[in-house]
Colleague: 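Okay, handing you the structure first.
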Amino acid sequence: MLLRMVLSIKIDMILICVFSCILIFYCSNPHTINPVEFILYTKYLVPVGVCVWLFVSFRLHLLITNSIPINWITINEIVQKPKKIVVNQISTTFICFLILQILIAGIIASAIVMTFSAGWNLFAFIFKLYWIYFVLPFIWSWITGLSISIIYAYHSHKKAILFFDVFLLWVITLFFLEYKLASFNVFIENRWPYIDPLFSLTFLKENVLIKLVYLICSIGACFVFVKIRRTMVGIAISVILIIFVTFTTDSVQSKSQLDKILLANDYKLYHQIKNKTYSNIKMTDNWRITGVQVEPGSRYPIQIKLTLDKKENLIRFSINEQFKIDHIKSEGKNLSFKQQGSIVEVETNGVQSMVLYYKNTFGSSFYPLTSNIVLLPFEANWYPQSTHSNLYTIDSSGTFHTNVQTKKCKRIEIIEGEENYSWHGDHLDCLSIIKGPYKQIEIQNTKLIVYEPFLTKTKNYRELKDQLVSIRSELCKLFTNLKNTNYCTNEIETIVIIPKSLSTTNLSLYDSTVTNGSYTFYVDPFLDVNDKPVTAYVQELSTFLIPYRLFENEQISIFASQYLMEKLHIQPSGYLRTIVEKSSINSESWNHYTKLTMEEKEKALIQMAQEMRRKD
């Protein structure tokens with residue numbers, strides 16, 4: 001019977017096939033810049049898909065309900081529970097609908113995995129995203145079509161039409177609130193509002209909950225239409241319910257959209273750095289960190305305990321400008337302090353210890369601190385430092401940079417994915433706390449923490465590690481002054497690949513730190529890396545980022561990059577050329593260097609390093 005029904009809705013089947021093919025074609029686009037770019041197409045394909053599945057669901061379920069004469073079967077006592085036949089038919093069609101969605105999700109995820117040379121981790125991630133962004137709205141549409149057909153077949157045609165009108169107006173309102181209509185003028189070129197690297201992917205649970213609320217609300221509205229005999233009363237109650245749910249969820253969503261808040265804080269930070277007056281105030285080192293507590297959702301998200309080595313009347317330390325101290329307490333009393341930019345001065349009045357309470361701020365998009373997103377790498381200076389460094393810089397063209405500096409760490413601890421974290425000890429060395437859409441992977445005794453859209457095959461991570469080892473070997477052999485440094489003596493313990501803040505330039509010499517076996521790479525997720533995995537991109541980046549961190553010299557790092565790429569057969573993608581164009585290196589000097597043989601390049605690099613040491 002079900003097969004006959006399917007054959008009787010040929011137009012509907014053609015519509016499903018056409019829509020599914022278009023959906024697969026666009027979401028499997030091999031020319032994407034980011035593997036999660038397909039969620040951008042929800043803006044166009046979800047509204048169309050909702051209409052398609054609503055129409056098909058209504059037509060199919062109307063055929064089912066009309067083809068089974070429940071009253072006649074009941075009167076003739078053919079079966080005991082005739083409604084069970086309808087339920088079985090409806091359940092079967094829903095299972096077929098889910099199987100189709102599983103197949104589409106599998107095809108899209110497989111295509112993206114092949115495009116990005118990735119593996120199971122990315123497949124599972126894309127599969128999950130497809131269900132959250134596409135399937136849940138389609139299920140909602142399917143259930144609504146079912147509800148309309150039941151009202152139409154068993155209750156009243158008028159009520160069914162009214163329920164459809166209410167649903168249609170509801171959907172239009174939701175899409176108006178979601179996209180604000182004006183954004184329909186913004187096409188694929190503007191990816192920021194849809195696949196931003198830090199915000200959308202951290203609110204997947206909230207996204208699911210909101211869609212489930214819509215589904216439950218539509219079922220509740222259908223129940224009201226069925227049970228209340230007076231049509232106008234049913235409409236009034238349903239509309240009130242829908243309005244309440246819609247604007248409540250919209251309010252919740254607007255609070256969870258942190259991009260505007262964080263980018264506004266970026267703007268404030270920019271002007272704070274731009275107008276900053278630098279001073280040579282000396283920091284003090286007569287204190288040590290003995291306690292750290294990070295609770296992003298609390299009133300004071302960061303609390304730091306300092307213990308003084310001896311009684312002093314004054315201490316000074318440096319922290320990241322984006323973090324503000326609310327108050328400082330010792331033995332239940334507030335201590336006077338002054339925070340100017342990154343410098344904090346505290347009047348200790350001879351106390352033995354104190355606790356710093358940070359203000360409850362989201363921070364900026366450089367180092368956000370929220371219940372869903374925490375990005376506090378140790379090089380961000382988010383806890384007190386005994387030395388002063390300029391973490392943020394603005395170049396002559398007005399571009400914002402995060403000039404993260406390599407620290408000397410005896411031990412680096414990286415905490416990933418924990419809700420809250422606390423540490424107590426005698427002295428804090430280097431601590432990073434990361435939470436959000438990140439995956440922790442173990443490769444040959446090396447821990448990798450990777451932003452989920454950058455996931456790729458395990459063999460690609462092995463190749464990246466091997467290439468980092470090769471780069472280290474070449475640099476330590478080439479520059480003798482590096483041989484006894486931590487860079488040459490320590491094994492690669494951790495590799496962290498995270499997205500850059502979009503407030504900065506997409507490519508910079510400051511995009512990496514290397515210290516004590518720990519490597520961090522800040523990657524712009526919108527750079528065109530779709531022709532090869534992000535690990536290959538990081539291999540090329542590392543050839544000029546690592547030398548820059550070791551020497552803090554633009555010319556040596558760029559010349560060393562050209563040498564390493566030739567020596568290790570790293571295929572260039574044009575990133576070095578971009579860095580050269582942004583640099584102060586004379587084009588004639590660069591062209592002359594590139595034409596040298598490998599032996600001549602090696603001698604030139606050694607000579608540059610010797611000259612730099614003589615100047616120091």
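Every heavy atom of this structure was used, including side-chain atoms; hydrogens, water molecules and symmetry mates were not. In what follows, residues are counted from 1 in the order of the sequence shown.
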Colleague: Compute the centroid of each ring, for Tyr575 and then for Phe544, and state whether the two points are separated by less than 6.0 Å.
Modeller: no
Colleague: Between Tyr451 and Phe454, is the ring centroid distance below 6.0 Å?
Modeller: yes
Colleague: Count the heavy atoms belonging to other residues, nucleotides or ligands that lie under 6.0 Å from NZ of Lys439, then report whether that count exceeds 12.
Modeller: no
Colleague: Using 0.5 Å steps for rounding, measure from the CD atom of Gln339 to the CZ atom of Phe337.
Modeller: 6.5 Å
Colleague: Can you name the closest pair of heavy atoms from Met354 and Leu308 and give their distance?
Modeller: CE-CD1, 3.6 Å
Colleague: What's the spacing between Ser508 OG and Leu541 CG if we round to 0.5 Å?
Modeller: 10.5 Å
Colleague: Determine whether a donor-acceptor pair (N or O, by modelled atom type, separation under 3.5 Å) exists between the side chain of Asp266 and the backbone of Ser365.
Modeller: yes
Colleague: Is there a donor-acceptor pair closer than 3.5 Å between any side-chain N or O of Ser512 and the backbone N or O of Thr520?
Modeller: yes
Colleague: Would you name the heavy atoms of Ala380 and Asn320 that are closest together and state the gap between them?
Modeller: O-ND2, 2.9 Å
Colleague: Compute the centroid of each ring, for Trp590 and then for Phe559, and state whether the two points are separated by less than 6.0 Å.
Modeller: yes
Colleague: Could you go through the side chain to side chain donor-acceptor pair (under 3.5 Å) check for Asn490 and Asn516 one step at a time?
Modeller: CA-CA 6 Å; Asn490 290 354; Asn516 204 32; 2.2 Å; yes
Colleague: With disulfide (SG to SG under 2.5 Å) as the rule and sequence neighbours excluded, what pairs involving residues 434-510 come up?
Modeller: Cys476-Cys488
Colleague: Apply the test side-chain contact (heavy atoms from CB on, under 4.5 Å) to residues Phe551 and Met612: give CA-CA distance (whole Å), side-chain angles for both, the deciding distance (0.1 Å), then the verdict.
Modeller: CA-CA 9 Å; Phe551 297 104; Met612 187 184 72; 3.5 Å; yes
Colleague: Check for a donor-acceptor pair, side chain of Thr578 on one end and backbone N or O of Gly574 on the other, with a separation under 3.5 Å.
Modeller: yes
Colleague: Classify the ring geometry of His271 against Tyr267: parallel below 30°, tilted from 30° to 60°, perpendicular beyond 60°.
Modeller: perpendicular
Colleague: Using a cut-off of 6.0 Å, state whether more than 12 heavy atoms not belonging to Glu418 lie near its atom CD.
Modeller: yes
Colleague: Does a side-chain heavy-atom distance below 4.5 Å link Val294 with Asn420?
Modeller: no
Colleague: Taking Thr370 for the side chain and Asn372 for the main chain, is one N or O donor matched with an acceptor at less than 3.5 Å?
Modeller: yes
Colleague: Can you give the donor-acceptor pairs under 3.5 Å from side chains of residues 322-332 to other protein atoms, not counting sequence neighbours?
Modeller:
| from | atom 1 | to | atom 2 | distance (Å) |
| --- | --- | --- | --- | --- |
| Gln322 | OE1 | Ser364 | OG | 2.6 |
| Gln322 | OE1 | Tyr392 | OH | 3.1 |
| Gln322 | NE2 | Tyr367 | O | 2.8 |
| Lys324 | NZ | Glu321 | O | 3.4 |
| Ser330 | OG | Ser353 | O | 2.6 |

Colleague: Please determine if Lys338 and Glu347 form a salt bridge, counting it only when a charged side-chain N lies under 4.0 Å from a carboxylate O.
Modeller: no
Colleague: Under 3.5 Å, side chain of Tyr548 to main-chain N/O of Asp511, donor-acceptor pair present?
Modeller: no
Colleague: To the closest 0.5 Å, what do you measure between CG (Leu448) and CG (Leu464)?
Modeller: 7.0 Å
Colleague: Hey, does Phe116 have a side-chain heavy atom less than 4.5 Å from the side chain of Thr456?
Modeller: no
Colleague: Looking at side-chain heavy atoms only, is the closest gap between Arg549 and Tyr510 below 4.5 Å?
Modeller: yes
Colleague: Mind running side-chain contact (heavy atoms from CB on, under 4.5 Å) on Tyr357 and Ile304 for me, showing each step along the way?
Modeller: CA-CA 7 Å; Tyr357 294 85; Ile304 309 286; over 6 Å; no
Colleague: Might you point out which heavy atoms bring Ile281 and Met283 nearest each other, and give the distance in Å?
Modeller: O-CE, 3.2 Å
Colleague: Walk me through whether Arg472 and Glu474 qualify under salt bridge (Lys or Arg N to Asp or Glu O under 4.0 Å).
Modeller: CA-CA 6 Å; Arg472 182 184 64 188; Glu474 289 296 329; over 6 Å; no
Colleague: So Ser371 and Lys435, side chain to side chain donor-acceptor pair (under 3.5 Å) or not? Walk me through it.
Modeller: CA-CA 9 Å; Ser371 57; Lys435 182 188 172 189; over 6 Å; no
Colleague: Where do Glu413 and Ile415 come nearest, in terms of heavy atoms and distance?
Modeller: OE2-CD1, 3.5 Å
Colleague: Please check if any side-chain donor atom of Ser342 sits under 3.5 Å from a side-chain acceptor atom of His388, or the reverse.
Modeller: yes
Colleague: Are Ile315 and Leu306 close enough that some pair of their side-chain heavy atoms sits under 4.5 Å apart?
Modeller: yes
Colleague: Contact between Gln303 and Tyr358 at the side-chain level, heavy atoms closer than 4.5 Å - yes or no?
Modeller: no
Colleague: With no hydrogens and no angle check, is any side-chain donor or acceptor of Lys465 less than 3.5 Å from a backbone partner on Gln444?
Modeller: yes
Colleague: For Trp423 and Gly291, indicate whether the former's side chain and the latter's backbone hold a donor-acceptor pair under 3.5 Å.
Modeller: no
Colleague: Donor-acceptor check, side chain of Ser561 to backbone of Ser557, threshold 3.5 angstrom: yes or no?
Modeller: no
Colleague: Distance from Leu262 atom CG to Thr361 atom OG1, nearest 0.5 Å?
Modeller: 8.5 Å
Colleague: Specify the closest pair of heavy atoms between Leu605 and Phe479, including all atoms of both residues, with the distance to one decimal.
Modeller: O-CE2, 3.6 Å
Colleague: Between Glu554 and Ser584, is a side chain to side chain donor-acceptor pair (under 3.5 Å) present by the stated rule, with each step listed?
Modeller: CA-CA 8 Å; Glu554 184 183 63; Ser584 58; 2.7 Å; yes
Colleague: Around atom CG of Asn484, are there more than 12 heavy atoms from other residues, nucleotides or ligands closer than 6.0 Å?
Modeller: no
Colleague: May I ask you to decide if Asp429's main-chain N or O and Lys410's side chain share a donor-acceptor pair within less than 3.5 Å?
Modeller: no
Colleague: Between Lys601 and Glu599, is there a side-chain N and carboxylate O pair less than 4.0 Å apart?
Modeller: no
Colleague: Tell me the closest heavy-atom pair linking Met565 and Leu576, and the distance in Å.
Modeller: SD-CD2, 4.1 Å
Colleague: When you look at NZ of Lys447, are more than 12 heavy atoms from neighbouring residues, nucleotides or ligands closer to it than 6.0 Å?
Modeller: yes
Colleague: Let me confirm one number: the CD1-NZ distance from Ile471 to Lys567, rounded to the nearest 0.5 Å.
Modeller: 12.5 Å
Colleague: Apply side chain to side chain donor-acceptor pair (under 3.5 Å) to Gln562 and Glu566, showing your working.
Modeller: CA-CA 6 Å; Gln562 182 65 33; Glu566 287 184 41; 2.9 Å; yes
Colleague: Got a donor-acceptor contact below 3.5 angstrom from the Thr284 side chain to the Arg316 backbone?
Modeller: yes
Colleague: Determine whether the side chains of Glu600 and Thr597 contain a donor N or O and an acceptor N or O closer than 3.5 Å.
Modeller: yes
Colleague: For the aromatic rings, using the six-membered ring if either is Trp, is the centroid distance between Tyr270 and Phe400 under 6.0 Å?
Modeller: yes
Colleague: Can you tell me how far the OG atom of Ser518 sits from the CD atom of Glu493, to the nearest 0.5 Å?
Modeller: 8.0 Å
Colleague: Are any non-hydrogen side-chain atoms of Pro35 and Phe125 less than 4.5 angstrom apart?
Modeller: no
Colleague: With a 4.5 Å limit on heavy-atom distance, are the side chains of Pro377 and Tyr522 in contact?
Modeller: yes
Colleague: If you count every heavy atom of other residues, nucleotides or ligands that lies below 6.0 Å from Glu581 atom CD, does the total exceed 12?
Modeller: yes
Colleague: Please examine the side chains of Leu375 and Ile498, heavy atoms only from C-beta on, and report whether any two atoms are closer than 4.5 Å.
Modeller: yes
Colleague: CG of Asn445: more than 12 outside heavy atoms within 6.0 angstrom?
Modeller: no
